[in-house]
Structures are given as structure tokens and as C-alpha cells.
Amino acid sequence: MLKEIYEAPQTIRLASLGRVNAATRTIKLGGLEGVEEQLRHIDRIVIVACGTASYAGMIGECLIEELAGIPVEVQIGSEFKYRNEPFSRGTALIVVSQSGETADTIAALKKAEKYGVLQLGVVNAVGSTIARMTDAGVYCHAGPEQAVASTKAFIAQVVVLLEIALFLGRDRSPLFNTLLQEIEALPDKAQAVLAQAETIKKIAIKYKGYKDFLYIGRRYAYPTALEGALKLKECALIHAEGFAAGEMKHGPLALIDEDFPTFALAGDGPMLEKTYSNMQEIRTRQGKIIAVATKGNKLVHQHADDVIYIPKTLEQTEPILQAIVMQLFAYYVAVEKGLNVDRPRNLAKSVTVE
Ligand code: AGP
């Protein structure tokens with residue numbers, strides 16, 4: 001797992017190699033060129049995936065809606081199969097999967113086949129069942145992922161979904177060029193996050209004894225918080241829940257006391273002030289807070305017990321850097337607890353049964 005976390009800079013490079021060119025202001029996705037005409041007539045996208053891939057899908061939902069203006073909904077594979085929702089011809093299905101062999105996601109493809117909708121794949125494992133079943137798609141090129149807890153594949157999935165959003169929205173998004181430049185700058189920023197490993201390890205040692213954890217975030221940081229909670233659950237065997245920060249006062253706040261710490265994703269951006277107020281709600285209930293904030297933020301200390309800084313980036317690309325922090329945190333807590341981080345109990349790398 002640690003080796004795969006440290007591959008993040010290279011993973012971002014490989015997921016954008018030959019695709020993103022900020023100098024020529026172009027995005028090229030060879031795997032979608034064959035269906036470009038059909039894509040022009042898409043008026044709805046359904047993303048189906050499981051586990052970590054579904055959280056990448058939720059970030060993809062925000063990206064495609066914001067950058068391409070196409071309505072998106074995300075469904076987890078195990079539910080999608082048994083729902084009876086209408087499919088219009090203008091709907092496209094995007095399935096996201098590291099292994100390309102997940103039974104619940106394959107079942108989703110089989111179900112959608114009946115409706116004749118365009119089926120696209122965001123897959124890491126080359127030549128896998130899902131890659132062969134879909135009409136077109138984009139490989140993640142993260143290389144084989146062996147640890148059960150998905151880390152580099154999540155990073156690659158978010159980069160690829162960002163590329164798909166830019167590909168679909170290239171004629172309309174004012175952020176197009178800025179995001180192309182940011183994708184090219186991300187590997188160095190990911191390296192800078194990895195350089196924080198010792199700080200993250202110290203904080204992990206400080207919090208390893210807690211039995212419950214909350215992860216909160218807003219907009220792009222909400223699904224990222226869900227992913228952080230999943231990593232702590234599956235690696236460190238700690239009960240952890242991800243929540244939209246604005247949801248706290250609608251229930252989860254009742255859980256908060258000095259024994260229930262919170263990981264708050266508080267990057268610079270339009271949601272920072274709102275996130276501060278959610279952090280204050282927690283602090284006034286003696287809840288401890290670990291904040292992931294943007295380098296240069298001088299105020300966040302007033303709202304947190306511990307702060308991990310990441311380089312400044314855009315809200316749309318922040319999940320990639322925040323994920324590395326949460327992967328390292330879960331890894332170090334698990335190691336401190338003497339757990340088998342690569343083979344967590346009760347879990348398989350690819351879930352090939354329903
Ligand atoms: C993530 O760390 C887990 N291994 C699990 O949630 C995984 O993401 C899920 O089973 C989906 O797998 P896939 O991406 O191979 O389809």
C-alpha cells in the first residue's frame with residue numbers, strides 16, 4: 001500500500017500522458033474518439049461503480065456537471081441492478097472500476113445493455129471484462145494495484161474523470177485551460193504532499209487510539225471525505241463515516257464529543273468559510289479536529305487541533321492531493337495498530353461475486 005501511495009506523482013503523469021497538452025490547449029482521449037458523434041447527443045450521464053470507485057464517480061459527477069453542463073447521477077452497482085428507472089436514448093452510462101471484474105458493476109452493464117444506451121468505461125485493468133464489455137472508454141494506466149485498499153487507482157480515476165469532463169466541455173468551460181495547466185502541475189504538488197509523510201505519521205500516532213472518526217467536506221470535498229473514511233475503515237479497522245459538512249447539524253453532530261475526532265477537508269476555495277463554521281460546531285462540542293488545509297492559510301489553526309497543509313490547487317483538483325493525505329493517515333494508523341495493511345481482514349481486492 002505504501003509503495004502504491006508513493007506512486008501518486010507518476011500515476012498522475014501516466015493518466016494524462018498524450019492526453020493533456022496545456023501548451024496547445026488540447027485534450028485528446030483516443031478511447032472516446034470512436035463515439036464522439038454519439039457523445040454530442042448525450043443529455044444525461046449515469047455513473048455506476050462500487051466502493052472507492054463510486055467515490056471517484058461522485059467527484060466525476062461534480063466535474064462533468066460543472067465543466068460540461070451535462071446532468072449526472074451516481075449509483076452504486078449493487079443498488080443500480082435492482083432499481084427500475086427510465087433510460088432515455090440520450091443517456092450514457094459510465095462505469096468506473098480498478099479491476100474491471102467487479103460483479104456488481106458488470107451486472108449494471110448487462111442491465112443497461114437492454115436499453116441500448118452508450119456504455120463507457122473508466123478502467124485500470126487492461127483487457128478486463130468491463131473493458132471488453134463497454135463500447136468505448138479511457139484506461140487509467142495506473143499499473144497493477146495489489147494492495148486491497150485502492151489508492152493510486154483512485155487518484156488515476158479522478159484524473160481520468162476530469163479529462164472526460166474537459167473533453168465533453170472543451171468548447172464551453174472557462175476553466176478549460178487553467179485545468180489543463182493544473183493537471184500538468186499536479187505531479188510536483190503530489191510529491192510535496194508525500195513530503196509531509198512524517199507530519200502525517202505523527203498525527204496518526206496521536207489519533208490511533210480513537211474508536212470512531214468523522215470525515216467532513218463540502219462540494220468536491222464531500223465524496224473525498226467519503227473516500228477518506230473508507231480508507232480508515234478498511235485499513236485501520238476504525239469505525240469512520242464521511243459526511244457532507246453541512247449535514248452535521250441534521251444529526252451527526254449528536255455523536256460529537258472529546259472521544260470522536262473529525263477529519264475536516266478545509267481547502268482554500270468557495271466553501272472554506274462554510275466549512276469553518278461546521279468545524280466550529282464540532283469544536284464547541286469538544287470534538288477534536290484534524291484539518292487538511294491549503295499552504296499559506298494562517299487562520300485554519302483557530303478552527304483545528306492539528307493541520308496538514310497541501311499545496312495550493314484548484315477546488316476541482318484538490319481531491320487528488322487530499323486523498324494522498326488521507327491514504328497516508330489510514331496507512332500509518334493501521335501500521336501503528338500492527339494490522340496487515342495490504343490484506344485487511346474480510347476483504348478481497350476484486351469482488352467478483354454479487
Ligand atoms: C477500495 O479500497 C476497495 N478495495 C473497494 O471498495 C473497491 O474500490 C471496490 O470493490 C471496487 O473495486 P473496482 O474498482 O475494482 O471495481
Side-chain angles (χ1 to χ4, degrees), residues 1-2 5 50-52 54-55 58 76 147-151 154 196-218 221-266 275-276 278-293 300-301 303-308 322-349 351:
M1 179 181 176
L2 191 62
I5 295 172
C50 304
T52 285
S54 72
Y55 301 140
M58 290 172 70
I76 49 176
V148 167
S150 184
T151 53
F154 175 77
Q196 308 279 322
E198 272 316 304
T199 307
I200 298 170
K201 184 175 180 179
K202 287 199 187 83
I203 295 174
I205 292 169
K206 179 177 173 185
Y207 287 86
K208 70 177 182 190
Y210 288 95
K211 300 267 173 296
D212 304 283
F213 246 93
L214 211 59
Y215 285 69
I216 61 170
R218 282 178 173 262
Y222 164 42
T224 315
L226 293 171
E227 172 55 12
L230 178 60
K231 287 286 107 50
L232 199 68
K233 278 192 275 259
E234 61 181 333
C235 298
L237 310 184
I238 293 177
H239 165 241
E241 284 195 69
F243 266 97
E247 270 299 286
M248 294 294 299
K249 51 190 174 298
H250 302 289
L253 206 52
L255 294 169
I256 297 300
D257 59 21
E258 62 281 0
D259 299 324
F260 206 132
T262 297
F263 221 99
L265 302 180
T275 306
Y276 280 161
N278 300 124
M279 292 161 76
Q280 272 322 100
E281 287 167 353
I282 293 168
R283 300 265 280 181
T284 51
R285 278 88 182 174
Q286 284 63 51
K288 295 183 180 56
I289 293 184
I290 303 167
V292 180
V300 66
H301 267 294
H303 305 280
D305 300 271
D306 294 280
V307 181
I308 300 162
Q322 291 166 333
I324 301 170
V325 172
M326 299 185 298
Q327 291 166 1
L328 283 170
F329 180 78
Y331 170 81
Y332 287 124
V333 172
V335 167
E336 285 299 316
K337 292 179 70 174
L339 298 168
N340 181 340
V341 285
D342 288 343
R343 292 279 167 276
R345 68 182 187 190
N346 309 341
L347 296 178
K349 179 60 189 169
V351 184

- Task: Check whether any side-chain N or O of K211 sits under 3.5 Å from a backbone N or O of I238 as a donor-acceptor pair, and report yes or no.
- Result: no
- From CA spacing to verdict: side chain to side chain contact (heavy atoms under 4.5 Å, CB included), Y276, V300: CA-CA 8 Å; Y276 280 161; V300 66; 4.0 Å; yes
- Item | Taking every non-hydrogen atom, the tightest pair across T275 and L265 | CG2-O, 3.7 Å
- Task: Answer yes or no: is there a donor N or O on one side and an acceptor on the other, between the side chain of K288 and the main chain of P261, under 3.5 Å?
- Result: no
- Query: About how many Å separate CZ of R285 and CD of Q280, when rounded to the nearest 0.5 Å?
  - Reply: 10.5 Å
- Query: What pair of heavy atoms forms the shortest contact from S54 to G51, and how long is it?
  - Reply: OG-O, 2.6 Å
- What's the spacing between D306 CG and K202 NZ if we round to 0.5 Å? 11.5 Å
- To the nearest 0.5 Å, how far apart are CZ in R218 and OG1 in T224? 14.5 Å
- Atom of A236, atom of K337 and distance for their closest heavy-atom approach: O-NZ, 2.8 Å
- Would a distance-only check, ignoring hydrogens and angles, find a side-chain to backbone donor-acceptor pair under 3.5 Å from D305 to I289? yes
- Min side-chain heavy-atom separation T151-Y331 under 4.5 Å: no
- Task: Can you sort out the partners of I308 under side-chain contact (heavy atoms from CB on, under 4.5 Å), two or more places apart, ordered by chain and number?
- Result: I200, I203, F263, I290, V325
- Message: Using every non-hydrogen atom in the two residues, find where A330 and C235 come nearest and quote the distance to one decimal.
- Response: O-CB, 4.2 Å
- Item | Atom of V148, atom of A348 and distance for their closest heavy-atom approach | CG1-O, 3.9 Å
- Query: Do any N or O atoms from the side chain of N278 and from the backbone of E281 form a donor-acceptor pair under 3.5 angstrom?
  - Reply: no
- Message: Once rounded to the nearest 0.5 Å, what's the spacing between atom CZ of R345 and atom CG of L339?
- Response: 8.0 Å
- Task: Report the C-alpha distance between F329 and Y215 in whole Å, list the side-chain angles of each, state the deciding distance to 0.1 Å, and finish with yes or no for ring-ring contact (aromatic ring centres under 6.0 Å, His included).
- Result: CA-CA 12 Å; F329 180 78; Y215 285 69; 7.1 Å; no
- Start with the C-alpha distance between Y222 and M58, add both sets of side-chain angles, then the distance that settles side chain to side chain contact (heavy atoms under 4.5 Å, CB included), and finish with yes or no. CA-CA 9 Å; Y222 164 42; M58 290 172 70; 3.8 Å; yes
- Kindly give the heavy-atom pair with the smallest separation between A229 and G242, and that separation in Å. CB-N, 3.5 Å
- Would you please test T52 and K231 for side chain to side chain contact (heavy atoms under 4.5 Å, CB included) and show each step? CA-CA 9 Å; T52 285; K231 287 286 107 50; 2.9 Å; yes
- Message: Side chains of L255 and D212, heavy atoms from C-beta outward: is any pair under 4.5 Å?
- Response: no
- Check whether any side-chain heavy atom of I256 lies under 4.5 Å from a side-chain heavy atom of M248, and answer yes or no. yes
- Message: Nearest 0.5 angstrom please: I216 CD1 to T262 OG1, how far?
- Response: 6.0 Å
- Heavy-atom neighbours of K201 NZ exceed 12 at 6.0 Å: no
- Message: If I take atom OG from residue S150 and atom CG from residue L230, how far apart are they, to the nearest 0.5 angstrom?
- Response: 9.0 Å
- Item | Worked verdict on L2 versus V335 for side chain to side chain contact (heavy atoms under 4.5 Å, CB included) | CA-CA 10 Å; L2 191 62; V335 167; over 6 Å; no
- Query: Is the backbone of Y55 close enough, under 3.5 Å, to the side chain of E227 for a donor and an acceptor to pair up by distance?
  - Reply: no
- Task: Could you tell me whether the side chain of L214 reaches within less than 4.5 Å of the side chain of E241, counting heavy atoms only?
- Result: yes
